[in-house]
There are 2 protein chains.
Amino acid sequence: MPTSTVENYVKQIYLQQQSRAADLLPMGQLAAAMNVVPGTATAMVKTLAESGLVEYEPRGGIRLTEGGARLALHVLRRHRIIEAFLVDVLGLDWSQVHEEAELLEHVVSDKVLDRMDALLNHPQYDPHGDPIPTSQGDIAEQAILPLMSCKSGDQAIVARVSDQDPEFLQYIERHGLVPGTQINVSSLNTLADSVEVRLPKDKTVVLGSNAAAKILVRPHIAG
Amino acid sequence: MPTSTVENYVKQIYLQQQSRAADLLPMGQLAAAMNVVPGTATAMVKTLAESGLVEYEPRGGIRLTEGGARLALHVLRRHRIIEAFLVDVLGLDWSQVHEEAELLEHVVSDKVLDRMDALLNHPQYDPHGDPIPTSQGDIAEQAILPLMSCKSGDQAIVARVSDQDPEFLQYIERHGLVPGTQINVSSLNTLADSVEVRLPKDKTVVLGSNAAAKILVRPHIAG
DNA sequence: GTAGATGTTTTGAGTAATCAAAATAGTATG
DNA sequence: CATACTATTTTGATTACTCAAAACATCTAC
């Protein structure tokens, strides 16, 4: 049985490997993501390698094995179903559920998870818009793009807000940019480094490119 | 922040102190309840005493402080609300939820717990019939009654055997009627002046009213 | 009142995870 | 190519928890 710590490392390696395109994840990257000093990450990675969860190339970096990826997706499934459950069944705010899920993901049994999943009607996406892996470990690869890559006039649906900072999430929520929201890129100006989007009810929000980079959208082809 | 282990020790001390009437809980009792070797319990109790959660009398035993009891009741509240939630909302079997709750009780936040509590309509008893402490730490004190005052079909826990006669005590022990044992009043006949109780493992014992009068129990209200 | 039996504490050691700081490798700069 | 910079690894310690087994108290019995 993997410890919570092992699960967290493997999950984080998976997530980091997603965002960075490179094959090998550098040690420092992992240490930063896990909020530990580099030496700790090195030590931990060695034991992960012993258990066959990662391949470790000293001074090069790490990569998940088949088994490591399977575990990562398993943890991710737990995390995301729990988030969905906390929002949809317990009525918590989607900007606050990440921390909770971070702890719960290591202790809910498969039985409980299945009940949650059933009660939610087997959702495909969590409240942040992240895809939920199946129990077999399949995950929906989705064509989602950063908001800044849209053109003026494009329609899209907010797919994901890729940041966990509660303050940012709350800001996003106050302005109605939650995942699932249909938006309209009313003007996008690369020179002014900003984008204005129109939301339902004719509200508008202006974001700088740094903020906009965290907003990922599924482009909506207007019928 | 107390660790899960500390919470478990404190909870267990509370529960053991309930069933045994004595003021001081002997070390061996705690070690057995926690499933650790005696030395481990001794070591742990010392750190609990350092944190002001228990009073420790070497070679005598332990007793919860005010603060220790508060923590114990807090954990117990979590445990029991979670059990109720797993049964009533997620539809699990009441016989299976204890293990789950054992893990979850250390990680659910107050916010989540409050939502569960509200969703369940502030239940007073968990699925096993144990009273749920309030968030202020008040708990319904369960009356201790003579076994003969039960009705057929009642569930109860042996609370005390109020007799000092070694022969009687040994008889009681041989038949598994020690304090803490969960019993089921299978038939109680005032005319025949006897009561039959069913124990775990489907053993049964028949006692006359004189003997039964010495057995004090805490009735278990289901639901 | 010495001799066991029983229960408790101490001692020594191990595991999992962490940090601080010294050592080392690799890469880039002059 | 030596020098310096950066990333990584090693080393030595620490914390929280645990066990096995030796040492020690306490109570009981003879």
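Residue numbers start from 1 in every chain, and the chains themselves are labelled A, B, ... in the order their sequence lines are given, proteins ahead of strands.
- Heavy-atom contacts of chain B under 4.0 Å fall on DNA chain C between two terminal nucleotides, which in 5' to 3' order are C:dG7 to C:dT10.
- In terms of phosphate contacts, A:K46 brings a side-chain nitrogen or oxygen within less than 4.0 Å of OP1 or OP2 of D:dT10.
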*Base-contact (B) and sugar-phosphate-only (S) positions in nucleotides 15-24 of chain D, heavy-atom cut-off under 4.0 Å, - elsewhere*: --SSBS---B
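- Rounded to a whole Å, the CD atom of B:E57 is 13 Å from the P atom of D:dT26.
- Applying the salt bridge (Lys or Arg N to Asp or Glu O under 4.0 Å) criterion to B:R63, with sequence neighbours excluded, gives B:D23, B:E55, B:E57.
- Every residue was checked against the side-chain hydrogen bond (donor to acceptor under 3.5 Å, both in side chains) condition with B:Q96, not counting sequence neighbours, and none meets it.
- Applying the ring pair (Phe, Tyr, Trp, His ring centres under 6.0 Å) test to A:H122 and every residue at least two apart in sequence or in another chain returns nothing.
- B:T134 places a side-chain N or O within 3.5 Å of a backbone atom of B:Q136 that can act as its donor or acceptor partner.
- Rounded to 10 degrees, the angle separating the terminal helix axes of the helix from C:dG1-D:dC30 to C:dG30-D:dC1, each built from five base pairs, is 30°.
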Would you tabulate the side-chain donor-acceptor contacts of residues 41-50 of chain B under 3.5 Å, counting partners in other chains and residues two or more places apart, or write 'none'?
| residue | atom | partner | partner atom | Å |
| --- | --- | --- | --- | --- |
| B:T42 | OG1 | B:P38 | O | 3.3 |
| B:T47 | OG1 | B:M44 | O | 3.0 |

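- The ring pair (Phe, Tyr, Trp, His ring centres under 6.0 Å) search around A:H74 returns none, not counting sequence neighbours.
- Partners of B:D88 according to the salt bridge (Lys or Arg N to Asp or Glu O under 4.0 Å) rule, which considers only residues two or more places apart in sequence or in another chain, do not exist here.
- For the salt bridge (Lys or Arg N to Asp or Glu O under 4.0 Å) test, no residue two or more places apart in sequence or in another chain qualifies with A:D138.
- Pairs of residues two or more places apart, or lying in two chains, never qualify as ring pair (Phe, Tyr, Trp, His ring centres under 6.0 Å) while including a residue from residues 30-60 of chain B.
- In this structure B:E83 satisfies the salt bridge (Lys or Arg N to Asp or Glu O under 4.0 Å) test with no other residue, sequence neighbours excluded.
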